Student: 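Please see the structure below; I have some questions.
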Amino acid sequence: MADIPRAYLPHEIEKKWYTFWMEKGYFHAAEKSDQPPFSIVIPPPNITGNLHIGHSLNNSLQDVLIRWRKLQGYNTLWMPGVDHAGIGTEIIMERKLADRGTSRDELGREKFIERMWNWKAETHATIREQLEQLGCSCDWERERFTMDEGLSRAVRTAFVKLYNNGLIYLSTNLTNWCPTCRTGISNLEVNPVEIDGHLYHIRYPIVGSDEFLEIATTRPETMFGDTAVAVHPEDERYQHLIGKIAILPILGRKLPVIGDDYVDREFGVGALKVTPAHDPNDYEIGHRHNLEQINIFNPDGTLNENVGQAYHGIDRFVCRKQLVEDLRERDYLIKILPHRHAVGHHERCNQIIEPYIAPQWYLNVKPMAERAIEAVRNGEIVFRPKREEKRFYQWMENIEPWPISRQRWWGHLLPMWHCQDCGKTTVAIDTPDRCHHCDSENLSQSEQVLDTWFSSALWPFSTMGWPDETALLKTFYPTAVLVTGWDILFFWVARMTMFGLQFMGEAPFRHVYLHALVADEHGQKQSKSKGNAIDPVPTMQEYGADGFRFALIFSNAPNPYIALGQSQIEAGRRFANKIWNASRFLLMNLEGFDSSVSIGDNLSLCDRWIRSRFNRTVNDVTVAFEEYRFSDAAHALYEFVWHEFCDWYIEIIKQRLYYTDNLNAKHTAQTVAAEILEGTMCLLHPMMPFITEEIWQQLPHQGESIVVTRWPDHDPALNDPKSEDAMKTIMSVIDSIRSIRGEMNVPPSSEIDVLIQAPDADIRELLANHLEEYLPAFTHFSRIFTAEHQKKPDAAAAAVIGDIVIYIPLEGLIDIKKEKARLHKRLDKVIKDLDSTQKTLNNSSFIERAPEAVVEQKRSRFGALKSEKEKLTTNLELLG
RNA sequence: GGGCGGGUAGCUCAGCUGGCUAGAGUGACGGCCUUACAAGCCGUAGGUCACAGGUUCGAACCCUGUCCCGCCUACCA
């Protein structure tokens with residue numbers, strides 16, 4: 001046993017056991033089983049590169065649930081996989097191409113996609129390796145990719161069904177256009193970012209007069225697309241201009257001056273230019289007034305032929321600068337004011353989006369959203385934390401049609417074929433030979449792809465074989481719980497809910513657990529550029545996967561963000577080390593131990609106590625897991641392992657393990673210690689899979705792995721409040737002795753006498769029976785005297801616990817001044833508490849209205865405080 | 001503009017279906033290499049629970065208002 005290392009060294013252990021688990025096939029779920037099913041589908045990581053710390057948290061939590069439920073006897077399935085992540089991945093690839101001096105356009109579609117597949121292979125392997133390192137018990141044999149054959153068929157099937165239901169339609173509206181990515185995107189993908197911009201005031205001459213109409217705009221370049229100028233119809237300043245014609249500066253186009261309620265008289269100068277093709281509000285105004293829409297941009301954000309020779313072909317922001325100069329020169333520019341406002345940015349490439357008219361395919365999600373709302377309202381789906389339901393409703397109730405087509409290359413092609421002959425569209429799951437309308441073979445498939453979230457929305461059932469009616473679906477759909485960050489509630493959770501209800505007729509999950517996002521130790525968002533990001537891989541290497549996982553789970557309070565820095569992770573590692581060393585100690589003392597020999601009824605008080613405490617911990621952890629209070633579960637175990645099992649139990653049984661000749665007593669201690677340690681390893685296993693397996697294997701055990709053992713049952717009958725109370729008394733006495741020694745600076749090696757005055761005969765007996773055995777673990781002492789009354793020795797320090805008084809004679813060591821100060825401090829606090837307790841008890845309303853138990857509690861507290869006050873006072877008097 | 005969450009120890013946060021002496025991790029200070037663990041052990045200090053009212057026998061917790069902070073959401077040019 002001496003070859004067990006002193007400090008926990010995770011590396012080899014982790015690798016060894018993961019390989020073992022895989023060889024045994026523990027993570028592979030049975031399609032059919034007598035056991036109840038419990039399934040989770042992973043939020044598929046994007047194939048954009050390495051996993052970040054958010055993934056570590058997300059997957060640690062899922063692994064906790066899966067491993068815990070497996071121990072409870074469920075047939076568990078954790079479905080793993082990765083997401084092609086559409087535009088996000090394309091952008092990564094474009095950057096890589098740029099580094100090599102080439103580009104997407106240069107490569108062409110086919111070659112580009114070929115590169116994407118290679119990149120996918122690379123990142124997919126990395127992601128899987130990192131999840132394995134973390135210890136994830138995924139059913140790897142079933143791993144899926146959103147663009148693999150089966151899932152692609154699911155995507156086409158879903159599309160065709162929706163299309164045939166009339167829910168998918170083509171519309172040429174204003175969309176959010178990303179000129180950098182050259183595609184339309186949905187509202188969700190647009191991040192409004194506050195920026196310091198400008199408000200440009202420009203004058204538009206009025207035909208047939210000397211007047212000008214001053215307007216204000218943040219985007220002067222869009223004036224090329226103006227088709228009107230608008231004022232408020234009741235604005236007395238401008239009423240007389242309504243119906244007249246204004247002249248567009250530079251281009252000289254004629255623009256009607258119109259009156260529209262939309263115009264805010266208070267803002268700017270109370271007049272605005274109307275650009276229906278490039279502003280959502282102007283688009284609406286345009287409709288109301290039958291205005292022409294003039295598109296002024298090319299798809300890449302350069303200005304098109306509608307803007308006149310001088311600006312044609314140049315970039316939108318270059319144009320803005322140039323145009324402002326020209327306006328200034330020609331005296332159209334009145335002023336430029338600083339103006340802070342929100343500007344939409346594409347969440348993927350972070351470039352400014354333009355409202356732009358382009359044909360897009362839309363999915364009418366309204367009817368699906370209604371069913372989804374209903375599913376949450378009637379409790380078919382339950383959100384944790386509950387507050388997330390509000391966000392869900394708010395978004396769902398105001399849902400807008402979802403633009404699902406993207407003018408990109410990487411993703412699922414729309415299953416649509418255009419007929420060159422009749423011009424009609426054929427929509428089909430499998431590539432059609434002929435046009436469904438005219439039978440022509442002259443078909444070409446749409447080149448657009450679907451929004452990446454379309455396939456994600458199918459994930460809970462597409463991964464299980466849908467549209468086929470597979471055994472897997474039958475067993476594991478709907479999934480038990482979806483575990484993900486709240487940041488993708490709308491992107492993903494909402495859409496999965498809608499699609500699950502639509503295609504499976506049943507919500508895809510019973511529970512949705514939305515966990516925190518990981519910030520740094522000061523609550524700042526982690527990011528590579530800020531340099532405060534914690535990279536999981538080196539972290540796991542340095543601290544071990546278990547310590548890392550524990551730190552994440554321990555910190556995962558029900559907050560929107562969790563602050564996680566180096567120190568939290570170090571605490572996780574220290575805990576793993578503590579477990580390791582406690583186990584190491586016990587294993588060293590288990591030599592010659594025969595676990596098959598049963599113990600009699602010679603349990604010591606501390607044995608009964610630790611069993612009771614363990615039993616309660618089983619309950620605490622189980623209930624916490626059931627309620628997704630992961631942090632509470634971690635805290636309960638941390639407290640039990642460190643501050644009860646290690647700090648007290650192990651210390652106390654050293655006496656029996658080392659020094660006693662009583663082999664029965666030793667055997668009992670070994671039995672209980674081994675039993676509690678094994679049980680604790682089970683409780684810890686979902687959070688810390690590796691170290692618990694390693695220790696469990698070395699302990700006396702039945703079965704081949706902790707992964708497939710049984711979760712301890714909580715048995716209320718095993719709670720032993722009597723032993724807990726008795727131990728509490730003993731622990732208080734020991735604490736008091738330690739406290740005196742500490743505060744009086746008694747050298748650890750010097751032996752002391754302990755005089756205890758205990759009026760209660762039961763307490764005297766309790767202390768007389770146990771203190772001799774328990775105290776040596778905590779302090780050096782020579783003799784203990786317990787009596788009904790004790791005469792205080794001259795030079796002694798005193799401590800009071802209720803009606804128990806402890807004297808420690810400290811001849812030559814005691815500092816009277818210090819001792820008096822110590823007692824005074826305690827006395828002050830006791831008096832304060834006593835006063836407030838008395839006040840409460842004197843209040844007749846309290847006696848009448850408060851529950852009996854609360855009153856009783858106060859009374860007994862009052863008694864204890866009173867007794868303590870008297871004893872402290874007496875002792876102070878004795879000190880003179 | 002609307003909505004949500006928060007303000008508790010130096011730091012990061014638990015506790016909030018009202019009722020033991022308000023806790024943890026981390027940091028600080030003092031003492032220990034005590035044969036499982038210095039990634040450890042022992043002791044100590046540190047809090048008007050943002051502020052002001054209200055409800056109640058009783059409020060960190062419930063209600064109202066105020067002041068800060070963060071987030072989500074929205075079409076103010």
Side-chain angles (χ1 to χ4, degrees), chain A residues 4 6-8 192 199-200 215-219 222 230 262-264 266-275 279-284 339 341-342 355 385 387-388 390-391 394-395 398 486-487 489-490 519 521-523 543 547 551 554-555 557-565 567-568 570-571 573-589 631-632 635 638-639 646-647 650-651 654 658 735 738-749 777-780 829-830 832-833 836-837 840 843-851 853-855 857-858 860-861 865:
Chain A
I4 303 179
R6 288 166 69 91
Y8 175 52
L199 204 50
Y200 301 86
I215 60 93
T217 178
T218 53
R219 293 179 299 154
T222 61
Y262 168 76
V263 181
D264 179 354
E266 310 297 320
F267 188 88
V269 288
L272 54 79
K273 61 194 235 12
V274 182
T275 320
D279 182 280
N281 296 310
D282 295 4
Y283 184 82
E284 296 297 325
H339 181 61
H341 62 144
R387 67 177 122 89
E388 299 294 345
K390 282 186 202 156
R391 284 178 66 224
Q394 202 178 330
W395 191 72
N398 300 301
W486 53 262
D487 54 333
L489 175 60
F490 308 144
E521 63 259 74
H522 298 295
Y543 297 96
F554 191 83
S555 306
N559 276 359
Y561 293 91
I562 61 178
L564 197 92
S567 71
Q568 279 79 10
E570 273 165 29
R573 175 180 64 171
R574 284 207 297 274
F575 185 50
N577 191 54
K578 188 72 182 177
I579 292 165
W580 180 254
N581 274 294
S583 306
R584 180 168 158 257
F585 169 77
L586 291 176
L587 288 166
M588 287 192 295
N589 285 284
S631 174
D632 288 349
H635 274 90
Y638 186 94
E639 171 68 20
C646 291
D647 285 355
I650 289 182
E651 290 306 323
K654 279 179 179 171
Y658 288 161
D735 278 339
R738 281 174 152 179
S739 187
I740 288 173
R741 291 195 65 135
E743 286 185 71
M744 292 287 122
N745 294 325
V746 179
S749 54
F778 305 101
T779 190
H780 281 104
K829 170 127 177 64
V830 169
K832 208 179 129 202
D833 288 353
S836 87
T837 309
T840 308
N843 184 337
S844 59
S845 299
F846 172 74
I847 307 292
E848 279 164 33
R849 303 200 189 191
V854 175
V855 175
Q857 209 170 35
K858 281 279 181 206
S860 98
R861 172 148 173 75
L865 284 168

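As the structure is a computational prediction, the values presented were derived from the model and not from experiment. Proteins come first, then strands; the chains are lettered A, B, ... in the order of their sequence lines, and each starts at number 1. Heavy-atom basis, side chains included; hydrogens, waters and symmetry copies ignored.
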Student: Quickly work out the A:Glu388 CD to B:U73 C1' distance and round it to whole Å.
Tutor: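 Taking CD of A:Glu388 and C1' of B:U73, I get 14 Å after rounding.
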
Student: Which nucleotide sits closest to the side chain of A:Arg738: B:C11, B:G19, B:G43?
Tutor: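 The nucleotide sitting nearest to the side chain is B:G43.
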
Student: Under the rule for side-chain hydrogen bond (donor to acceptor under 3.5 Å, both in side chains), what residues qualify as partners of A:Ser631, not counting sequence neighbours?
Tutor: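 Only A:His635 meet the side-chain hydrogen bond (donor to acceptor under 3.5 Å, both in side chains) criterion with A:Ser631.
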
Student: Any base atoms under 4.0 Å from A:Asn281, or only sugar-phosphate, or nothing? Heavy atoms, all strands.
Tutor: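 Base, at least one base heavy atom under 4.0 Å.
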
Student: With a distance cut-off below 6.0 Å to the six-membered ring centre and an angular limit of 45° from the axis, does A:Lys654 pair with A:Phe585 as a cation-pi contact?
Tutor: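 Checked: cation-pi criterion met.
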
Student: Could you tell me how far apart A:Gln394 (CD) and B:G5 (C1') are, to the nearest whole angstrom?
Tutor: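 In whole Å, B:G5 C1' lies 13 Å from A:Gln394 CD.
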
Student: Is a side-chain donor or acceptor of A:Asn581 paired with a backbone partner of A:Arg6 at a separation under 3.5 angstrom?
Tutor: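 It does hold such a pair.
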
Student: If the plane angle is over 60° it's perpendicular, under 30° parallel, otherwise tilted; pick one for A:Trp395 and A:Phe490.
Tutor: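 Aromatic pair A:Trp395/A:Phe490 classed parallel.
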
Student: Start at the 5' end of RNA chain B and walk down; is the nucleotide closest to A:Gly742 or to A:Trp486 reached first?
Tutor: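 The residue closer to the strand's 5' end, by nearest nucleotide, is A:Gly742.
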
Student: Which whole number of Å gives the distance between the C1' atom of B:C69 and that of B:C63?
Tutor: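 Nearest-Å result for B:C69 against B:C63 at atom C1': 23 Å.
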
Student: What is the distance from CZ of A:Arg391 to P of B:G70, rounded to the nearest Å?
Tutor: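 A:Arg391 atom CZ is separated from B:G70 atom P by 18 Å.
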
Student: Between A:Lys273 (NZ) and B:C76 (P), how many Å, whole number?
Tutor: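 In whole Å, B:C76 P and A:Lys273 NZ are 16 Å from each other.
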
Student: If we take the P atom in both B:C13 and B:C4, what is their distance in whole Å?
Tutor: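 Comparing P positions in B:C13 and B:C4 gives a spacing of 22 Å.
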
Student: Quick check: closest heavy atoms across A:Lys858 and A:Thr837, and the distance to 0.1 Å?
Tutor: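 That closest heavy-atom pairing would be O-CG2, 3.6 Å.
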
Student: Counting just side-chain N and O atoms, does A:His522 come under 4.0 Å of either OP1 or OP2 of B:C11?
Tutor: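 So the side-chain polar atoms of A:His522 never come under 4.0 Å of the phosphate oxygens OP1 or OP2 of B:C11.
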
Student: A:Pro851 near the nucleic acid: base, sugar-phosphate alone, or nothing, with a heavy-atom cut-off under 4.0 Å?
Tutor: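 A:Pro851: base contact, heavy atoms under 4.0 Å.
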
Student: Which heavy atom of A:Asn577 sits nearest a heavy atom of A:Tyr8, and at what distance?
Tutor: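 Nearest heavy atoms, A:Asn577 then A:Tyr8: OD1-N, 3.0 Å.
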
Student: Where does the angle between the aromatic ring planes of A:His339 and A:Phe267 fall among parallel (under 30°), tilted (30 to 60°) and perpendicular (over 60°)?
Tutor: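 Answer is perpendicular, since the angle exceeds 60°.
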
Student: In whole Å, measure the gap between the P atoms of B:G27 and B:C67 for me.
Tutor: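 Those two atoms are separated by 39 Å.
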
Student: With a non-hydrogen cut-off below 4.0 angstrom, is A:Val274 in contact with a base, only sugar-phosphate, or nothing?
Tutor: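 Since no nucleic acid heavy atom lies under 4.0 Å of A:Val274, the category is nothing.
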
Student: Can you tell me the distance, in whole Å, between the CD1 atom of A:Ile740 and the P atom of B:U44?
Tutor: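 Going from A:Ile740 (CD1) to B:U44 (P), I get 11 Å.
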
Student: Could you state the atom-to-atom distance from CZ of A:Phe554 to C1' of B:U26 in whole Å?
Tutor: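 Roughly 10 Å, once rounded to whole Å.
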
Student: How would you label the contact of A:Lys858 with the nucleic acid (heavy atoms, under 4.0 Å): base, sugar-phosphate, or nothing?
Tutor: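 The residue A:Lys858 makes sugar-phosphate contact but no base contact.
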
Student: Reading RNA chain B 5' to 3', what string of ( ), [ ], | and . shows its pairs, if Watson-Crick and G-U wobble pairs count only when both distances fall under 3.5 Å?
Tutor: ((((((((.[[[[.)...(...]]]].(((((.......))))).....[[[[[..)....]]]]])))))))....

Student: Which residue, A:Arg861 or A:Glu266, contacts RNA chain B at a nucleotide closer to its 5' end, judged by nearest heavy atom?
Tutor: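 Taking each residue's closest nucleotide, the earlier one in sequence belongs to A:Arg861.
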
Student: What's the closest nucleotide to the side chain of A:Ala571 if the choices are B:A77, B:U26, B:C20?
Tutor: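 Taking heavy atoms from C-beta onward, the closest nucleotide is B:U26.
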
Student: Compare every heavy atom of A:Ala563 with every heavy atom of A:Gly523, then report the nearest pair and how far apart it is.
Tutor: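 Here A:Gly523 and A:Ala563 meet closest at N-CB, 4.2 Å.
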
Student: From the options B:A77, B:U21, B:G19, select the nucleotide whose nearest atom is closest to the side chain of A:Asp833.
Tutor: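 My answer, after comparing the listed nucleotides, is B:U21.
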
Student: Counting only side-chain nitrogens and oxygens, does A:Ser739 get under 4.0 Å of the OP1 or OP2 atom of B:C42?
Tutor: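 Negative; the distance criterion is not met.
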
Student: Check the pair A:Thr217, A:Leu199 against side chain to side chain contact (heavy atoms under 4.5 Å, CB included), reporting the backbone distance first and the verdict last.
Tutor: CA-CA 5 Å; A:Thr217 178; A:Leu199 204 50; 5.8 Å; no

Student: In whole Å, what separates the C1' atom of B:C33 from that of B:C42?
Tutor: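 That atom pair is separated by 14 Å.
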
Student: Nearest-Å distance, CD (A:Glu743) to P (B:C32)?
Tutor: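 Answer to the nearest Å: 16 Å.
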
Student: Distance between the C1' atoms of B:C16 and B:G58, in whole angstroms?
Tutor: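 One C1' to the other, the span is 16 Å.
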
Student: Are any of the side-chain nitrogens in A:Arg391 or A:Glu388 under 4.0 Å away from the carboxylate oxygens of its partner?
Tutor: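 Yes, charged N to carboxylate O under 4.0 Å.
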
Student: Rounded to whole angstrom, note down the P distance from B:A9 over to B:A24.
Tutor: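 Between the two P atoms, the distance is 14 Å.
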
Student: Counting N and O atoms only, with roles assigned by atom type, does the side chain of A:Arg741 sit under 3.5 Å from a partner on the main chain of A:His780, one being a donor and the other an acceptor?
Tutor: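 Yes: the side chain of A:Arg741 pairs with the backbone of A:His780.
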
Student: Under 3.5 Å, side chain of A:Gln568 to main-chain N/O of A:Gly565, donor-acceptor pair present?
Tutor: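 It does hold such a pair.
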
Student: Expressed in whole Å, how much space separates the C1' atoms belonging to B:U26 and B:U66?
Tutor: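 Rounded to whole Å, the distance is 34 Å.
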
Student: Rounding to a whole Å, what distance do you find between A:Gln568:CD and B:U26:P?
Tutor: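 One finds 9 Å between P of B:U26 and CD of A:Gln568, rounded.
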
Student: Heavy atoms under 4.0 Å is the rule here; annotate nucleotides 33-38 of chain B 5' to 3' with B where the base is hit, S where only the sugar-phosphate is, and - elsewhere.
Tutor: ---BBS

Student: With sugar-phosphate meaning primed atoms plus P, OP1 and OP2, does A:Tyr262 contact a base, only sugar-phosphate, or nothing at under 4.0 Å between heavy atoms?
Tutor: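 Base, at least one base atom sits under 4.0 Å.
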
Student: Using the C1' atom in both, what is the distance from B:G43 to B:G3, to the nearest Å?
Tutor: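 After rounding to an integer number of Å, I get 50 Å for this pair.
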
